[in-house]
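Everything below concerns the one structure shown next.
Computed from heavy atoms alone, side chains included, the values below leave out hydrogens, waters and symmetry copies. Chain A is the first sequence line, chain B the second, and so forth, proteins listed ahead of strands; every chain is numbered from 1. Keep in mind it's a predicted model, so treat the numbers as computed, not measured.
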Amino acid sequence: MPYEPTLQHNPLINPRELEQLHDQCFSWALTCARDRAEAEEVLQMTYLAIMEGRARFGGTSSLRTWLFAVIRNHARSRWRLARRSLQAIARFASFEPQFAAAGSTDSAAEYQRQQEHRQVMNAWRLLPLRQREVLDLVFYRDLPIAEAAQVLGVSIGTARIHYERAKAALKRALTAETIDD
Amino acid sequence: MTEPDIDPADSELRSALRSGIAARDRAQRTPPFSRVWPREVEATRSRPLSWGPAFVATVLLAVIVAGVWRWPDHHSAPLDASLAHQLSSDEFWHVPTDAILAYEAPRLSADLPSPDSFQVSLEESYL
């Protein structure tokens, strides 16, 4: 039986829609956080804030845009606390997506695809956080830059600047990796 | 939802990044919503605060305070201020209160020897 969350402090949120967005919320939390454990914690903190009414949906944007912004804010709060921790940075730098679990490596084509994924993800993770976020929102989640700006809490002009710089940086990183190979 | 602002020249880059992030999401399975939603906190916080014990304790305390406040003897007569002053002095036993007068010993009717005729030697004086 599906669980129905209590949203007495957020009457504008449809519980079913919230649950349907859970997958996307976790995916976005993975982008904002340093590892899976932190992503789960950030998401739980977000849900707790929604349940307690500390985060209130006003209906001025889409629920998804609002959720992404709240998740990002919680991830940033945690990031500020751990920013000086060299251990945290080292752990982030060594975070490797478990591509092997996604499928078998029997075929050469599958192996090649996984190598390309790893190359792109490595280059993407080396980007500054805001550039990484804007590329995730625009390239992967198909958000217009105006909505991405809402999630990031910046102006549209600033979001566009980050977007252009992120694309250029990613292209440079992929080109450099290709040359190194 | 409006169309994203994607330059056709970036389609290859976009496709590569989409594949990478999608592969990451496939590898990192989403935890169930019911597990992430703070249900235990919800259950704890949804329980209303119990006012019964606090109310009973307050009433009991008020009864005790009222009883202690009115504990002094109700039948005691108001004390005369001048008599209270005399009784608080160092020679309080001289104060002729009613109780003392009621228990005053009767006057002695015996003949006591005169001090002039009472001769005590030096040795007897030490006894």
Set out, in order, the CA-CA distance, both residues' side-chain angles and the distance that settles side-chain contact (heavy atoms from CB on, under 4.5 Å) for B/D10 and A/Y163, then state yes or no.
CA-CA 12 Å; B/D10 298 327; A/Y163 172 63; 4.2 Å; yes
Report yes if the side chains of B/L13 and A/L174 come closer than 4.5 Å at any heavy-atom pair, otherwise no.
yes
Give the C-alpha distance, both sets of side-chain angles, the deciding distance and a yes or no for side-chain contact (heavy atoms from CB on, under 4.5 Å) between A/M51 and B/W37.
CA-CA 9 Å; A/M51 189 184 73; B/W37 186 264; 3.7 Å; yes
Does a side-chain N-to-carboxylate-O contact under 4.0 Å join A/D142 and B/R18?
yes
Would you kindly confirm whether A/L7 and A/L63 end up in one hydrophobic cluster when ILVMFWY residues are joined by side chain heavy atoms under 4.5 Å apart?
yes
Below 4.5 Å from any heavy atom of chain B, which atoms of A/L137 appear? Answer side chain, backbone, both or neither.
neither
Can you tell if the side chain of A/Y140 reaches within under 4.5 Å of the side chain of B/D25, non-hydrogen atoms only?
yes
If you group Ile, Leu, Val, Met, Phe, Trp and Tyr by side-chain heavy-atom gaps below 4.5 Å, do A/L152 and A/I156 land in one group?
yes
Would you say A/W124 and B/I21 make side-chain contact, with heavy atoms under 4.5 Å?
yes
ILVMFWY network linking A/L127 to A/V151, side-chain heavy atoms under 4.5 angstrom:
yes
Does one hydrophobic cluster hold both A/L12 and A/Y47, with members joined at side-chain heavy-atom distances below 4.5 Å?
yes
Is chain B contacted by the side chain of A/T31, its backbone, both, or neither, given a heavy-atom distance below 4.5 Å?
both
Between A/R36 (side chain) and B/R29 (backbone), is there a donor-acceptor pair under 3.5 Å?
yes
As a quick check of understanding, evaluate side-chain contact (heavy atoms from CB on, under 4.5 Å) for B/R24 and A/S27, giving each step before the final call.
CA-CA 9 Å; B/R24 178 203 71 181; A/S27 170; 3.3 Å; yes
Decide yes or no on side-chain contact (heavy atoms from CB on, under 4.5 Å) for B/V36 and A/F26, but give the supporting numbers first.
CA-CA 10 Å; B/V36 181; A/F26 181 69; over 6 Å; no
In terms of hydrophobic clustering (I, L, V, M, F, W, Y; side-chain heavy atoms under 4.5 Å; direct or indirect links), are A/L129 and A/L143 co-clustered?
no
Of A/E40, A/Q24, A/H22, the residue whose pairing with B/T30 passes side-chain contact (heavy atoms from CB on, under 4.5 Å)
A/H22
Is there side-chain contact between A/Q44 and B/P31, with at least one heavy-atom pair below 4.5 Å?
no
